[in-house]
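Worksheet: one structure, shown below.
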Amino acid sequence: MMAGSYSSDEIMTVSAARMLRDGAVCFVGIGLPSTAANLARLLHAPDAVLIYESGPIGAKPSVLPLSIGDGNLAETADTVVSTPEIFRYWLQGGRVDVGFLGAAQLDRYANINTTVIGDYCRPKVRLPGAGGAPEISTAAKEVLIIVKQSRRSFVNQLDFITSAGFLTGGDARERAGIGGRGPVAVITDLCILRPDPESRELTVTAIHPGTSREQIRLNTGWDVRFSPDCSETVPPEAGELEALRDLHARTAAAHGVVGRDA
Amino acid sequence: MAQWVSLSEAVAAHVHDGDFVALEGFTHLIPFAAGHEIIRQGRRNLSLVRMTPDLIYDQLIGAGCAARLTFSWGGNPGVGSLHRFRDAVENDWPVPLSIEERSHSDLANAYVAGAANLPFAVLRAYTGSSYEQVSPHIRSVTCPFTGERLAATPSVKPDVTVIHAQKADRKGNVLLWGILGVQKEAVLAAKRSIVTVEERVESLDAPPNACILPGWVVDAVCVVPGGAAPSYAHGYYERDNAFYRQWDAVSRSREQFSAWLKQSVLETANFAEYQRVQEIWREKGALR
């Protein structure tokens with residue numbers, strides 16, 4: 001690949017990684033969030049503490065885990081605790097700064113559905129379910145969401161709210177008694193969205209280079225708004241791309257597959 | 001008191017039709033061999049519980065062993081859907097499967113409550129989610145001291161819990177390490193328990209605070225080397241990631257799954273034979 005050229009997946013992962021500050025305690029979902037969090041750790045955030053729900057605290061995997069409980073996570077962690085302890089003491093205990101989540105579907109208020117499409121009792125599509133996302137989205141001090149943008153994932157109306165974002169917008173989250181700041185950014189392969197300070201509706205605040213507003217509209221299930229000071233995403237730097245590609249190459253070599261995110 | 005028995009004896013003695021059964025292991029140490037033996041012995045109408053019903057529950061569900069499933073995340077980790085689970089929920093094949101869905105934190109807390117002989121778990125969860133509307137099991141309590149509203153969910157107390165561990169000594173004291181999941185809680189919450197292990201040793205040689213289940217809280221211990229494959233056993237073998245990917249194709253159609261089940265599980269006598277059959281499937285390329 002030519003220097004300076006990168007894929008939409010790469011700018012998504014790099015942009016998400018940049019949002020994790022050094023020293024942050026991050027509860028990491030598997031797949032895209034895990035890729036971004038580990039990239040951050042390899043770049044600007046060597047002291048970020050990665051917690052996986054299977055029990056590793058301070059995991060420093062050399063390759064990306066395929067499952068949430070890979071042995072490499074345990075071997076490289078500062079400590080490994082039981083699953084009840086992870087959720088009770090560390091997440092519910094209020095020790096997590098950032099919850100890093102993926103999503104099957106989300107709406108304009110960053111509520112997430114990973115449960116069903118269609119009626120709950122007679123679903124059209126049965127998705128995996130909650131996992132730890134409902135408690136991560138409410139117990140972490142803030143939440144980052146990384147997801148590929150399309151009309152399938154960015155929907156006008158969710159059939160089911162698995163994990164609370166801003167519910168019906170405005171101060172609905174606070175009124176419901178949910179702690180934490182909630183989702184502070186949604187990073188996609190097209191752009192970065194942040195909640196409007198008043199309405200809490202996800203608003204495009206940065207567009208990846210080469211992406212048009214029309215493209216973003218076509219891939220969003222609601223009439224998406226653009227922030228008045230909407231900017232262009234800073235393209236990935238050579239060092240960022242190199243670190244990401246090395247990570248994928250190491251992962252592929254270790255797992256015997258082309259690195260992909262589930 | 002733990003009895004050293006064969007896996008087929010353990011399942012025959014402790015897993016009955018209609019039982020509430022937990023097979024635990026969070027990605028690591030998943031008791032595949034024991035799950036296969038439950039299928040082989042034709043158990044029916046089981047109520048299964050497991051935080052992450054992955055391939056082993058896909059197999060139990062596809063084989064028609066389960067009538068009910070309590071779970072918190074049902075997928076093929078790193079790959080995608082569980083096709084047999086989805087076929088049962090969406091199309092009632094091979095038999096209808098009713099589900100009780102919880103979150104990870106909820107189920108983990110529910111096992112802890114079960115182990116602690118409490119009727120329910122208390123946690124901060126579900127606020128703003130739709131689960132409260134669809135599940136009769138997710139309710140709330142008000143803290144008598146602060147007035148805070150907290151989620152309350154029923155504890156999990158299986159009739160029998162099955163886990164896999166690294167080793168056990170002559171007396172059936174069990175040692176496990178690495179990613180521990182909820183195995184200890186699941187065993188202590190259950191009326192009966194079966195533990196399969198990689199090896200039987202004279203002495204566990206474990207440091208204080210190691211995760212040990214004393215033999216007197218375990219009913220049956222069985223030596224089944226490789227019994228957690230295709231998941232992994234820390235210190236013994238790695239996760240067979242290729243199998244997880246291949247399962248997507250094997251499980252996608254009822255016909256292909258039924259052929260795999262018949263050849264691999266129903267027509268094999270034990271886990272060692274099952275593993276030989278998997279090698280043949282692999283060589284034929286049928287699992288690729």
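Order of the sequence lines fixes the chain letters, A, B, ..., with proteins taken first and strands second; residue numbering starts at 1 for each chain. Reckoned from all heavy atoms, side chains included, excluding hydrogens, waters and symmetry mates.
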Do you see a donor-acceptor pair shorter than 3.5 Å between the side chains of B:Tyr244 and A:Ser67?
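Side chains of B:Tyr244 and A:Ser67: no pair found under 3.5 Å.
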Do we see a donor-acceptor contact under 3.5 Å between the side chains of A:Glu135 and B:Ser103?
yes
Would you mind reporting whether [Y] and [X] have side-chain heavy atoms less than 4.5 Å apart?
X        : Y        : answer
A:Pro84  : B:Val182 : yes
A:Phe160 : B:Val134 : yes
B:Arg124 : A:Thr138 : no
A:Ile68  : B:Phe26  : yes
B:Leu123 : A:Arg88  : no

Just how far is it from atom CD1 of B:Ile179 to atom OG of A:Ser54, taken to the nearest 0.5 Å?
3.5 Å
Is chain B contacted by the side chain of [X], its backbone, both, or neither, given a heavy-atom distance below 4.5 Å?
X        : answer
A:Asp70  : both
A:Pro56  : side chain
A:Tyr120 : side chain
A:Pro134 : side chain
A:Thr162 : both

By a 4.5 Å heavy-atom criterion (distance strictly below it), what part of [X] contacts chain A: side chain, backbone, both, or neither?
X        : answer
B:Phe71  : side chain
B:Tyr131 : both
B:Asp87  : neither
B:Leu82  : neither

Heavy-atom pairs under 4.5 Å with chain B - which of [options] has more of them than the others?
options                                : value
A:Gly129, A:Pro128, A:Gly118, A:Cys121 : A:Pro128
A:Leu91, A:Thr83, A:Asn111             : A:Thr83
A:Val81, A:Leu73, A:Thr114, A:Val125   : A:Val125
A:Val80, A:Leu167, A:Thr115, A:Ile178  : A:Thr115

Which residues in residues 141-156 of chain B have a heavy atom less than 4.5 Å from any heavy atom of chain A?
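Counting heavy atoms that sit under 4.5 Å from chain A, no residue of residues 141-156 of chain B is involved.
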Could you pull out the closest heavy-atom pair between A:Ser82 and B:Glu185, with the gap in Å?
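A:Ser82 and B:Glu185 have their closest heavy atoms at OG-OE2, 4.2 Å.
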Could you check whether any side-chain N or O of A:Glu53 sits under 3.5 Å from a backbone N or O of B:His104, counting only pairs where one atom can act as donor and the other as acceptor?
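Answer holds: no.
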Side-chain donor or acceptor of B:Glu90 paired with backbone N/O of A:Arg122 under 3.5 Å
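No: the side chain of B:Glu90 does not pair with the backbone of A:Arg122.
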If you count heavy-atom pairs under 4.5 Å between each of [options] and chain A, which one has the most?
options                               : answer
B:Gly235, B:Pro53, B:Gly178, B:Ala108 : B:Ala108
B:Ser98, B:Ser105, B:Gly75            : B:Ser105
B:Leu107, B:Leu180, B:Asp54, B:Val112 : B:Val112

Does atom CZ of A:Arg95 have more than 12 heavy-atom neighbours from other groups under 6.0 Å away?
no
